[in-house]
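Take a look at the structure below.
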2 protein chains.
Amino acid sequence: MDTATRDRFHRHARVFKALGHGTRLFMVRELGRGERCVQDLQQLVGSDISTISKHLSVLREAGLVRDDRRGNQVFYSLSAPCVLEFMTCVEGVADGGAPQALLEAPPGAGS
Amino acid sequence: MDTATRDRFHRHARVFKALGHGTRLFMVRELGRGERCVQDLQQLVGSDISTISKHLSVLREAGLVRDDRRGNQVFYSLSAPCVLEFMTCVEGVADGGAPQALLEAPPGAGS
DNA sequence: TGACTATTTGGCCAAATAGCCAATATTGGT
DNA sequence: ACCAATATTGGCTATTTGGCCAAATAGTCA
């Protein structure tokens, strides 16, 4: 694997890595319902607000969310709603066995 | 966030976490083209074969790949091809983060 | 059985991550 | 200017991760 390819995959992997934490995944889900400010998320999650802020910066640097300061609060929203679509797939994978529905079509089934 | 919810999100996050490494992402991509044995992947990636094996076990435990021993080699294949579908989305996020990137082909996004 | 190949596992260490508290912005109100 | 409210950053520690080497396991073939 050459350097350029490795860099490219590592760059793309950063997005998955950002989603690879329960709290961040929860926040992305929540942001999928609409924008939220930091303390909204803090109350929902329950961790220290600095922890929430750091998680949000991970998501922002991965390009998954955008921030918008209004007054003395910062509202976050999902910048790539497409991530919500594959949550379903991932939940199937995580909950075991379910992804069969997504495997190669069994004989006689449409694509 | 109650314990059950936290557990659920952390369980789902494990799948993303498994994809959150350049080498593993590369291997998933490669497995998307067909099954490969460990040494095939080792040659493609270039790391130590024990490192490859450990990456594969991460993917297997996440439910993303399955292994099939035939003779003295073990063939891995993608058990959830749906992950390939959102690679496009993620590449768009990583390469600019604009939602528009998902509607029109981003420049230089050859597969 | 033993030699050989393919893969996995354990040990070890460097680097990255997550979480909390404290300190520092940044904004709004008085 | 000062203070309160919101959010971010720095510092610190505990835990996890990634990679290599070496050792162990699984299977084939003679």
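Residue numbers begin at 1 in each chain, while the letters A, B, ... track the order of the sequences. No experiment lies behind these values; they were computed from the predicted model shown.
- Between B:H55 and the phosphate of D:dT17, there is no side-chain N or O to OP1/OP2 separation shorter than 4.0 Å.
- Summarising the geometry, the separation between CG on B:D68 and C1' on D:dA26 is reported as 15 Å, rounded to the nearest angstrom.
- Looking only at side-chain heavy atoms (C-beta outward), B:L31 and B:V28 stay at 4.5 Å or farther from each other.
- Against DNA chain C, the stretch residues 19-27 of chain A makes heavy-atom approaches under 4.0 Å through A:H21, A:R24.
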side-chain contact (heavy atoms from CB on, under 4.5 Å) between B:Q73 and B:R69, intermediate numbers included: CA-CA 6 Å; B:Q73 27 192 9; B:R69 170 151 233 149; over 6 Å; no
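- With contacts defined as side-chain heavy-atom distances shorter than 4.5 Å, the pair B:E30/B:R36 qualifies.
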Restricting both atoms to N or O, compile the protein contacts to nucleotides 22-30 of chain C shorter than 3.5 Å, with distance only.
none

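- Residue B:T51 places no side-chain N or O under 4.0 Å from the OP1 or OP2 atom of D:dG19.
- Nucleic acid contact for A:Y76: sugar-phosphate only, since backbone atoms but no base atoms lie under 4.0 Å from a heavy atom of the residue.
- A:I52 has its CD1 atom 15 Å from the C1' atom of C:dC21, to the nearest Å.
- For the atom pair CG (A:L44) and CD (A:Q39), the distance works out to 11.0 Å, reported to the nearest 0.5 Å.
- Put simply, the side chain of B:F16 does not reach to within 4.5 Å of the side chain of A:V15, judged on heavy atoms.
- Between A:R24 and A:E61 there is no salt bridge, since none of the side-chain N atoms of the basic residue sits less than 4.0 Å from a carboxylate O of the acidic one.
- Contact check for B:D40 versus B:C37: side-chain heavy atoms found under the 4.5 Å cut-off.
- Taking the side-chain hydrogen bond (donor to acceptor under 3.5 Å, both in side chains) definition, one finds that B:R70 meets it with B:E35, B:D68, sequence neighbours left out.
- Spacing between atom CZ of B:F16 and atom P of D:dT17 amounts to 17 Å, rounded to whole angstrom units.
- Considering A:V38, A:L64, A:I52 in turn, A:V38 is the only one that fulfils the side chain to side chain contact (heavy atoms under 4.5 Å, CB included) rule with A:Y76.
- Residues A:F9 and B:R29 meet the side-chain proximity criterion, which asks for heavy atoms closer than 4.5 Å.
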Check nucleotides 11-15 of chain D against the protein and report each pair of N or O atoms closer than 3.5 Å, with its distance, or say if there are none.
| unit_1 | atom_1 | unit_2 | atom_2 | d |
| --- | --- | --- | --- | --- |
| D:dG11 | O6 | A:K54 | NZ | 2.7 |

Derivation and outcome, side-chain contact (heavy atoms from CB on, under 4.5 Å), residues A:H55 and A:M27: CA-CA 9 Å; A:H55 280 313; A:M27 295 196 301; 3.3 Å; yes
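- For DNA chain C, no neighbouring residue in residues 4-11 of chain B is found when judged by any heavy atom under 4.0 Å.
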A:F86 vs B:C89, side-chain contact (heavy atoms from CB on, under 4.5 Å): CA-CA, chis, key distance, verdict: CA-CA 10 Å; A:F86 52 77; B:C89 162; 3.9 Å; yes
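- One distance of note links CG of A:L56 with CD of A:Q42; it measures 11.5 Å at 0.5 Å rounding.
- A:T5 places a side-chain heavy atom less than 4.5 Å from the side chain of B:F26.
- One can place CG of B:D67 at 7 Å from P of C:dT8, the figure rounded to the nearest angstrom.
- Here C:dG19 presents its C1' atom at 15 Å from CD1 of A:I49, a figure rounded to the nearest Å.
- Taken residue by residue, residues 37-46 of chain A places heavy atoms nearer than 4.0 Å to DNA chain D at A:C37, A:V38, A:Q39.
- A:S57 places a side-chain N or O within donor-acceptor distance of the main-chain N or O of A:K54, the cut-off being under 3.5 Å.
- Atom NE2 of residue B:H10 and atom NZ of residue B:K17 lie 9.0 Å apart, to the nearest 0.5 angstrom.
- Between B:L56 atom CG and D:dG18 atom P the separation is 13 Å, expressed in whole Å.
- Following rounding to the nearest Å, B:L59 (CG) and D:dT17 (P) show an atom-to-atom distance of 14 Å.
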